[in-house]
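Step one of this worksheet: look at the structure below.
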Amino acid sequence: MVTTAPKALPRPLGLLAELTHRCPLACPYCSNPLALDRREDELDAATWARVFTEAAALGVLQVHLSGGEPAARRDLEDIMASARQAGLYTNLITSGVGVTAARLDKLADAGLDHVQVSIQDSEAGSADHIAGYTGAFARKRALAAEVVARGLPLTVNAVIHRANIDRVAEMVAMALAMGAKRVEIAHAQYYGWALKNRAMLMPRRDQVERAVATIEELRARHRGEIVIDAVVPDYHARFPKPCVGGWGRRSLNVTPAGKVLPCHAAETIPGLEFWSVREKSLADIWQFSPAFTAFRGTDFLPEPCASCERREIDFGGCRCQAFALTGDARATDPVCHLSPDHARVVQLAEEREDVAYHYRDLAHTGS
Ligand code: SF4
Ligand code: FES
């Protein structure tokens, strides 16, 4: 039986469905955890169908079918069809590798509404080096052309870091040439794999300032043609981002093995208890799971957040970052210039190392 959450609780709008951690790419800023779920532990399509029905009953409008590379699932079409059946708007987040034209047709027939393709750079050699996969650049462009040819809306997502930040304008031009209606300039977020590679990814302040100015200029120039979403990278900001729109407030993530997380990096916080869709309904998890209730709202926040007028705007920033930088997930996110730990962020933003990336380790996928 499908149950719904009481009215007093916020309702989630989006569900990130991590269908698999398997992926042909090995990006050094991957948001998947360091310990990847194994293929044999992945939820089956019938369980995903139940999760989507429960999500819709809870208020979720949009499902992001993600991974890893979701196309690594041979039953992706069945999973897509069940999301459509549940009445959810479906967004496929793909590396572009593994989705052929024939597969795209089947996915479109099954209910695909929107496609998001990641790009690593505007130059093929650099892009393939960052992805750790020769030929990825060409395959992404080919898939984008197939998506646009079918009239499906396309968003291009570009993760920005020291190796590509000077080519923000070229990446926006590339997104336009690919026929995208939206481009997301997403600076690397330092959890998981990106935390391991922080010194290799960290841009210089002058690079960030130039990129911010370039984006403003591009927004004005391309208004009406393409939407450019971008935020200042954490370590160079004055205020933190309202991470995931507030913990347990707007969205939930389901891992390939079925654990439900308030954000993709929540497993980096030790001591949190995550419930699984294998044992509980999504409504119960949303309302009662210890991981979701741990940092919901703002009551737990210490000073300076406790008496700050921005606390209902940014919720004290990101819990995972607060833990990564202070060892206390309840602390004010040290990205905030008012945090007593902010000096640490300033120091880390200056630490750079030009050595090989630690690529995401496929050996842990069980594929
Ligand atoms: Fe946000 Fe806390 Fe900084 Fe205020 S003190 S701006 S609530 S992080
Ligand atoms: Fe977990 Fe920000 S990534 S709260």
Side-chain angles (χ1 to χ4, degrees), residues 10 12-16 18 27 29-35 64 66 93 157 159 161 184 186-198 201 231-255 259-275 285-286 289-346 348-349:
L13 299 175
L15 172 79
L16 182 74
E18 294 178 354
C27 305
Y29 47 73
C30 180
S31 63
N32 288 164
L34 297 180
H64 306 279
S66 179
I93 300 180
N157 173 273
V159 177
H161 46 86
E184 292 177 0
H187 289 269
Q189 309 270 313
Y190 300 111
Y191 329 105
W193 294 97
L195 187 60
K196 248 174 130 58
N197 285 294
R198 182 170 55 198
L201 297 168
V231 287
V232 178
D234 278 356
Y235 283 42
H236 294 90
R238 265 169 66 78
F239 292 111
K241 60 187 180 291
C243 198
V244 289
W247 185 275
R249 205 169 151 267
R250 303 285 296 280
S251 62
L252 23 73
N253 286 21
V254 181
T255 69
K259 271 192 273 184
V260 188
L261 317 178
C263 73
H264 62 270
E267 288 172 289
T268 61
I269 300 175
L272 285 183
E273 181 188 333
F274 303 103
W275 288 358
I285 295 171
W286 179 252
S289 154
F292 275 82
T293 56
F295 309 118
R296 188 174 262 147
T298 52
D299 289 351
F300 69 88
L301 283 168
E303 293 293 350
C305 299
S307 53
C308 178
E309 61 187 19
R310 283 181 59 89
R311 72 181 180 282
E312 296 298 332
I313 299 171
D314 63 28
F315 311 101
C318 171
R319 295 305 95 219
C320 301
Q321 189 147 265
F323 175 78
L325 296 176
T326 73
D328 178 4
R330 291 173 183 272
T332 297
D333 184 339
V335 161
C336 181
H337 72 291
L338 301 171
S339 157
D341 302 300
H342 184 63
R344 177 80 182 122
V345 171
V346 174
L348 288 168

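Note that ligands are numbered from 1 as they come in the structure, with each ligand's atoms numbered from 1 the same way. Throughout, residue positions are numbered sequentially from 1 according to the sequence presented.
- Taking distances strictly below 2.8 Å, the protein N/O/S atoms close to atom 3 (Fe) of ligand 1 are Cys336 SG.
- Under a 4.0 Å N-O distance rule, the pair Lys241/Asp314 does not qualify as a salt bridge.
- The two residues Arg296 and Pro10 make their nearest non-hydrogen contact at NE-CG, 4.4 Å.
- Considering SG of Cys308 and CD of Glu303, their distance stands at 9.0 Å, rounded to 0.5 Å.
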Margin query: ring pair (Phe, Tyr, Trp, His ring centres under 6.0 Å) for Tyr191 and His264? Distances and angles first, verdict last.
Written below: CA-CA 9 Å; Tyr191 329 105; His264 62 270; 5.8 Å; yes
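- Legend: protein N/O/S atoms lying under 2.8 Å from atom 2 (Fe) of ligand 2, waters omitted, number 2.
- Every pair passing ring pair (Phe, Tyr, Trp, His ring centres under 6.0 Å) that includes a residue from residues 294-339 is listed here, sequence neighbours excluded: Phe239-His337, Trp247-Phe295, Phe295-Phe300.
- A donor-acceptor pair under 3.5 Å is absent between the side-chain atoms of Arg344 and the main chain of Asp341, judged by distance alone.
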Under 3.5 Å, side-chain donor or acceptor atoms of residues 325-335 against the rest of the protein: list the pairs with distances, not counting sequence neighbours.
from   : atom 1 : to     : atom 2 : distance (Å)
Thr326 : OG1    : Ala322 : O      : 2.6
Thr326 : OG1    : Asp328 : N      : 3.0
Thr326 : OG1    : Asp328 : O      : 3.1
Asp328 : OD1    : Arg330 : N      : 2.9
Asp333 : OD1    : Gln321 : NE2    : 3.4
Asp333 : OD1    : Val335 : N      : 3.0
Asp333 : OD2    : Cys318 : N      : 2.9
Asp333 : OD2    : Gln321 : NE2    : 3.3

Note to self: Show, in sequence, the C-alpha distance, side-chain angles and deciding distance for Glu184 and Val159, and conclude whether the side chain to side chain contact (heavy atoms under 4.5 Å, CB included) test is met.
What the structure shows: CA-CA 8 Å; Glu184 292 177 0; Val159 177; over 6 Å; no
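- Looking only at atom types and distance, the side chain of Gln189 has no donor-acceptor partner in the side chain of Ser31 under 3.5 Å away.
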